[in-house]
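Every heavy atom of this structure was used, including side-chain atoms; hydrogens, water molecules and symmetry mates were not. We count residues from 1, following the sequence as given.
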Amino acid sequence: MATSVSIKISNEGLFETNGPENDTALDFYPVNYYFFDFLNVNNTLIFNPCDLPFKKVTIMKKCLPLFFLFVISTAVYSQTTVTVNTSGAKTIISKHIYGHFAEHLGHCIYGGFYVGDTSKTIPNINGVRKDIIDALRKLKIPNLRWPGGCFADTYHWKDGVGPKDKRPAIVNKWWGGVTEDNSFGTHDFLNMCEELGAEPYISGNVGSGTAQELSDWVQYANFAGKSPMSDWRKANGREQPWKVKFWGIGNEAWGCGGNMRPEYYADEYRKYTTFMSDWENTGGLMRIASGASDADYTWTETLMKNIPGNMLGGVAVHHYSVIEWRKKGPATGFTEDQYFTIMKQAWLMEELVTKHAAIMDKYDPAKKIALVVDEWGGWYDVEPGTNPGFLYQQNTMRDAMIAGMTLNIFNNHADRIRIANLAQCVNVLQAVILTNKEKMILTPTYHVMEMYNVHQDAVLLPVTIKTDDYNYNNEKLPAVSASASKDSTGKTHLSLVNIDAKKSQTITVSFNEGKYATIKGRILTSTKLQDYNSFESPEKIKPAEFKGAELKGNTVTVKLPPFSVVVLELN
Ligand code: AHR
């Protein structure tokens, strides 16, 4: 008779057995690395004692030489399946879903990517760090949102053009009350975007500005002919207009942008956009309404109802993954409890965009108006000893999980989400780059965004996922998220994330048609969830070749370690 035993790994990392009484006993034994290959979804291991990959487990049974098979209570592998529908796909994943955000906040701009054109120590192009330009180019950064955030509704753009020594200093009232000299202004930002090959996304000042001021900004940046503003631009050294396409009409108008009610903001929006261009979305402008916070569906409904569709290019929404606003917890050294809560918050994005999109569908069934998630990311307590107003936080594998999962959500909603911006680019919140004087490091979030850039402007291949759960303290979340696309050269890419803190996932991926001859992939993971890249150890976490995928016909079997992101390429 076959003897079976199941072995559980307790939180302390010890095995418990529940084999037949008095029949089999296994020593309690600290978790051994090898065991991970044997984990299944219920924290249960299966193994054949003859094949034990470790020597120290003592099996005290007289008939030991005779038994050769342990049958476990549940199967070895998880039951996660991903089906990729390759036929009839037509939705393009806009590259602008992979956008970034640079606010006048802490050391994002000043002391971050902008060192000033007089810097002798840090190589720069017109004052912008060259190493950061190179890193962002490698990311294929598609657009950059500026100058805020909350800062946008305090910013008067005319203070930031013309000779730098004549520009007035201002106090950044939202972020640390610091005085800044306006040396990074419109020319600096738009020239930087040109250098990056990124589309600029300017947030206009509605809260404390005027419709005239915003309309002047549009004329300054975009008008080729003779006009007061274009003449001024030319006098300031720029002959050709930049042709800025994306314009935000204020930011968080419900809060730092003016504490407005949605009905009032809808009217303001109509007024501001009228003077920016015209009644229609002509002139190449995409005008984006300041959107809801999280689940404020009334905000979206009110804007959609009260703003004529032809005046509206996009409606924004902001969602941060935060534990509690007054007790956000550390960016590193967090507990699994804190991790799970952040994963819950990150998964909430799926519900939020689904519900906001459903409201938009009522008023815009043809999906002409974009849902613009122009602020997203993880938000924790600032690093000890840093200015609380500067929002400087480290970036761990937890952030890589947020990024991978969120970008999968965005890809899968590409029919409605056409712009998104991670908050923020450098040294602020879930940054892709951190700097320390002349040093610069790339965060795990950077690596996820770089791995995922294969999806930019590719055709979305819809996926159906049946995933195991990530269970924690009687709560559960889907463990695996995925998205797939086919690029213009015919390559298919599949991105997979396993957020489970402890368990690997074996995933069966089926493609409903299409023949693939080769598969390759890259993985981002680390030893601990709390791991991060530091200035001392800048490459602790970086993508590596992934060898855990096997292609047979139209099916791929993937072994996804705990807290990992994998991008596969099939050809
Ligand atoms: O990204 C930081 C801040 O978060 C932005 O300024 C604001 O829009 C949001 O509340």
Side-chain angles (χ1 to χ4, degrees), residues 80-86 89 91-99 139-140 142 343 346-347 349-350 353 373 376 397-414 417 420 422 432 444-467 470 478-487 489 491-500 504-511 514 516 518-525 541-549 551 556-571:
T80 297
T81 58
V82 176
T83 310
V84 183
N85 191 342
T86 49
T91 301
I92 301 286
I93 299 173
S94 169
K95 65 179 178 180
H96 291 296
I97 282 176
Y98 290 82
L139 265 195
K140 300 198 175 139
M343 289 302 102
W347 258 126
M349 184 67 91
E350 172 67 40
V353 298
V373 191
W376 67 271
M397 281 306 299
R398 171 171 66 174
D399 297 281
M401 296 299 102
I402 300 176
M405 183 201 301
T406 306
L407 293 170
N408 281 339
I409 294 170
F410 292 167
N411 285 347
N412 291 329
H413 286 272
I417 303 176
L422 173 67
V432 289
T445 301
Y446 175 95
H447 293 304
V448 174
M449 296 211 70
E450 187 272 323
M451 288 163 74
Y452 272 57
N453 69 19
V454 290
H455 292 303
Q456 291 190 12
D457 283 342
V459 179
L460 174 71
L461 302 177
V463 292
T464 310
I465 308 169
K466 191 174 147 295
T467 169
Y470 166 26
V480 173
S481 83
S483 66
S485 67
K486 190 172 195 167
D487 72 13
T489 68
K491 289 187 194 119
T492 293
H493 294 101
L494 174 68
S495 41
L496 294 160
V497 182
N498 176 16
I499 61 165
D500 198 302
S504 60
Q505 293 282 325
T506 300
I507 306 169
T508 308
V509 185
S510 347
F511 295 84
Y516 299 106
T518 61
I519 187 165
K520 61 179 184 174
R522 290 200 295 161
I523 183 167
L524 191 78
T525 192
I541 301 170
K542 62 178 179 180
E545 189 189 349
F546 180 61
K547 297 196 179 125
L551 171 69
V556 179
T557 309
V558 186
K559 188 86 187 286
L560 212 56
F563 56 92
S564 64
V565 178
V566 162
V567 177
L568 299 174
E569 180 178 299
L570 294 104
N571 214 342

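Ala549 and Val556 make their closest contact through CB-CG1, 4.1 Å (heavy atoms, listed as atom of the first residue, atom of the second, distance). Contact record, Pro142 with His96: O-CE1, 3.4 Å, taken as the closest heavy-atom pair. Closest approach of Ala346 and Ile409 over heavy atoms only: O-CD1, 4.0 Å. Residue Ala484 comes nearest to Leu460 through the heavy atom pair O-CD1, 3.6 Å, listed as atom of the first residue, atom of the second, then distance. Contact between Ala89 and Leu461 at its shortest, heavy atoms only, is CB-CD2, 3.8 Å. When all heavy atoms are compared, the tightest approach of Asn412 to Ala482 is ND2-O, 2.9 Å.
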**Prompt:** Are Glu545 and Lys520 close enough, and set up right, to give a side chain to side chain contact (heavy atoms under 4.5 Å, CB included), and what steps lead you there?
**Reply:** CA-CA 8 Å; Glu545 189 189 349; Lys520 61 179 184 174; over 6 Å; no

**Request:** Apply the test side chain to side chain contact (heavy atoms under 4.5 Å, CB included) to residues Ile541 and Leu524: give CA-CA distance (whole Å), side-chain angles for both, the deciding distance (0.1 Å), then the verdict.
**Result:** CA-CA 7 Å; Ile541 301 170; Leu524 191 78; 3.7 Å; yes

Donor-acceptor contacts, no H, no angles, side chain residues 561-571, under 3.5 Å, sequence neighbours left out:
unit_1, atom_1, unit_2, atom_2, d
Ser564, OG, Pro561, O, 2.7
Glu569, OE1, His493, NE2, 3.0

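In this structure, the side chains of Thr492 and Phe511 come closer than 4.5 Å at one or more pairs of heavy atoms. Annotation: side chain of Met449 is in contact with side chain of Leu407 (closest heavy-atom distance under 4.5 Å). Contact of the Lys559 side chain with the Ser504 side chain is registered, since non-hydrogen atoms from C-beta on lie closer than 4.5 Å. The closest side-chain heavy-atom distance from Ile499 to Trp347 is below 4.5 Å. Residues Met349 and Val373 meet the side-chain proximity criterion, which asks for heavy atoms closer than 4.5 Å.
Side chains of Tyr98 and Asn411: a donor on one and an acceptor on the other come within 3.5 Å.
The line from CD of Gln456 to CD1 of Ile92 is 12.5 Å long, rounded to the nearest 0.5 Å. Note that CG of Leu496 is 8.0 Å distant from OG of Ser481, once rounded to the nearest 0.5 Å. To the nearest 0.5 angstrom, Thr406 atom OG1 is 10.5 Å from Glu350 atom CD. The CG atom of Asp457 lies 9.0 Å from the CD1 atom of Ile93; values are rounded to the nearest 0.5 Å. Separation of atoms CD1 (Ile97) and CG (Leu422) is listed at 13.5 Å; rounding is to 0.5 Å. Rounded to the nearest 0.5 Å, atoms OG1 (Thr80) and CD (Gln505) are 4.0 Å apart.
With Leu551 as reference, Ile519 is the one residue of Ile519, Val509, Thr557, Val558 to meet the side-chain contact (heavy atoms from CB on, under 4.5 Å) rule.
Judged by distance alone, the side chain of Thr467 and the main-chain N or O of Val480 form a donor-acceptor pair under 3.5 Å. The backbone N or O of Val432 lies less than 3.5 Å from no partner atom in the side chain of Asp399, so there is not a single donor-acceptor pair. Between the Asp487 side chain and the Ala458 main chain, no donor and acceptor come within less than 3.5 Å of each other.
Between Phe410 and Trp376, the ring-plane angle classifies as perpendicular under the 30° and 60° cut-offs.
Residues forming a salt bridge (Lys or Arg N to Asp or Glu O under 4.0 Å) with Glu450 (at least two apart in sequence, or on another chain): Arg522.
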